There are 2 protein chains.
Amino acid sequence: MNEASEVVSQLQQELRRGVVVLAVLSQMDTASYGYSLIQRLAERGLEIEEGTLYPLMRRLEKQGLLASEWDTTETRPRKYYRLSPLGREVLAQLSAEWSGTVAVMNRLLGSENHE
Amino acid sequence: MNEASEVVSQLQQELRRGVVVLAVLSQMDTASYGYSLIQRLAERGLEIEEGTLYPLMRRLEKQGLLASEWDTTETRPRKYYRLSPLGREVLAQLSAEWSGTVAVMNRLLGSENHE
DNA sequence: TAAATATACTGTACGACGCACAGTATTGTC
DNA sequence: GACAATACTGTGCGTCGTACAGTATATTTA
């Protein structure tokens, strides 16, 4: 196996930490259930496994950023999540943080390319 | 303490995982020693503690991405690091990965703002 | 009509890394 | 001489995405 690929994929995983949370929160302005969120994120370029998303949603709810309720009127019961007021606030701050991080990285990576 | 701030600072830390590695690698085209690298990164907007950077440099060397040599000709001995060929390759791939991640997040966050 | 696939979710252990310290040593400044 | 700056080593911890294992049932396919 290509040595660089191994290290890169490991670091890719580290890059996703935090990013996945931000991505999920950013889609919760409208209520969503897990399975459809996975599909919507995939459409927009972010692949995430069920085994990753469901625990994450539960954790975010536990942290007070999301609120959930069951919809059992359909043939299949679905757990809908939406942003809580705290979640909305955290999302705003994280988005700003993300923008700042991107700006810094552009500066660092840009200087690397120009040197 | 502001509840949102707590969660945000925790997630900020998660965002830094991977990012710090990329930032450091991006500055190693020219040989650097730890203390000066901390200062250069700070000038460019990335704050990093010595207790974070020195173990990181050692880990990156262990992973074969950096190579080091001591300069003991000055009054103070300094450990200079530079990118290895593998490190150069990993940096290129991680940079591409980062660009892709930023593009995806722009799409996700942009759609959130427009909705 | 039975098998396969899709839909929808719960549960849990693990590995990796930034952090937060503690610590050492010496040079340079006041 | 005291303090700050410079320059580094060492180590344990908390967090989260991942990688599974698992359950259940509706829908589609052969």
Side-chain angles (χ1 to χ4, degrees), chain A residues 6-25 31-42 46-63 65-66 68-81 90 94 97 101, chain B residues 6-25 31-42 46-63 65-66 68-81 90 94 97 101:
Chain A
E6 264 183 64
V7 179
V8 164
S9 69
Q10 197 169 324
L11 289 168
Q12 275 169 350
Q13 187 169 304
E14 296 306 322
L15 276 177
R16 279 168 67 95
R17 290 173 75 109
V19 163
V20 166
V21 170
L22 183 53
V24 166
L25 289 179
S32 297
Y33 60 98
Y35 196 85
S36 86
L37 182 58
I38 286 173
Q39 300 198 313
R40 196 195 315 159
L41 287 170
L46 189 85
E47 303 285 336
I48 181 170
E49 296 287 323
E50 293 175 37
T52 298
L53 185 78
Y54 289 108
L56 171 60
M57 311 271 284
R58 261 194 301 282
R59 194 173 75 246
L60 293 177
E61 181 174 29
K62 187 174 174 180
Q63 287 174 325
L65 310 189
L66 296 180
S68 72
E69 61 190 346
W70 280 98
D71 173 8
T72 51
T73 59
E74 302 290 325
T75 59
R76 286 183 178 288
R78 290 167 174 158
K79 200 172 188 183
Y80 278 87
Y81 289 89
V90 166
L94 265 193
E97 178 66 25
T101 297
Chain B
E6 264 183 65
V7 179
V8 165
S9 70
Q10 192 171 329
L11 289 169
Q12 274 170 350
Q13 188 169 305
E14 296 305 322
L15 277 176
R16 279 170 65 97
R17 290 170 75 108
V19 164
V20 166
V21 170
L22 184 53
V24 165
L25 288 180
S32 296
Y33 61 97
Y35 195 85
S36 87
L37 181 59
I38 285 173
Q39 299 199 312
R40 194 194 318 159
L41 287 169
L46 189 87
E47 304 284 336
I48 182 171
E49 296 289 322
E50 295 174 35
T52 299
L53 184 79
Y54 289 107
L56 172 59
M57 310 272 285
R58 260 194 303 282
R59 192 173 77 250
L60 293 177
E61 182 174 30
K62 188 174 175 181
Q63 288 175 323
L65 309 189
L66 295 181
S68 72
E69 62 190 345
W70 280 97
D71 174 9
T72 51
T73 60
E74 302 290 326
T75 60
R76 286 182 180 287
R78 291 168 174 157
K79 200 172 187 182
Y80 278 87
Y81 289 89
V90 167
L94 266 193
E97 177 68 24
T101 298

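Every chain is numbered from 1 and lettered A, B, ... according to where its sequence line falls, protein lines coming before strand lines. Here the structure is a predicted model, which means the values were calculated and not measured.
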Nucleotide of D/dA19, C/dC9, D/dC16 approaching A/Tyr33 most closely (side-chain heavy atoms): C/dC9
Side-chain N,O (B/Arg78) to OP1/OP2 (D/dT6) below 4.0 Å: no
Residue pairs fulfilling salt bridge (charged side-chain N to carboxylate O under 4.0 Å, His left out) with at least one residue in residues 47-56 of chain B, sequence neighbours excluded: none
Touch class at under 4.0 angstrom, heavy-atom based, for B/Gly51 against every strand present: base
Given D/dA7, C/dA6, D/dT18, the nucleotide with the shortest approach to the side chain of A/Arg76: C/dA6
A/Glu61 (side chain) donor-acceptor with A/Ser68 (main chain) under 3.5 angstrom: yes
Minimum-distance nucleotide to A/Trp70 side chain [options: D/dG17, C/dT10, C/dT27]: C/dT10
Shortest side-chain distance from B/Glu14, nucleotide among C/dT10, D/dC16, D/dG17: D/dC16
Polar pair under 3.5 Å, donor/acceptor by atom type, side chain A/Arg17, base D/dT15: yes
Nearest-angstrom distance from the residue atom CD of A/Glu49 to P of D/dG22: 18 Å
Per A/Gln39 side chain, nearest of listed nucleotides C/dT7, C/dC17, C/dG11: C/dT7
Minimum-distance nucleotide (side-chain atoms of B/Val21 versus C/dA16, D/dA26, C/dG18): C/dG18
OP1 or OP2 of C/dC19 under 4.0 Å from side-chain N/O of B/Thr52: yes
Short side-chain N/O contact to D/dT18 OP1/OP2 from A/Gln10, under 4.0 Å: no
A/Arg16 vs D/dT18: side-chain N/O to OP1/OP2 distance below 4.0 Å: yes
Per B/Tyr54 side chain, nearest of listed nucleotides C/dC17, D/dT9, C/dA6: D/dT9
Passing option when A/Tyr80 is tested against A/Tyr33, A/Trp70, A/Tyr35 for ring-ring contact (aromatic ring centres under 6.0 Å, His included): A/Tyr33
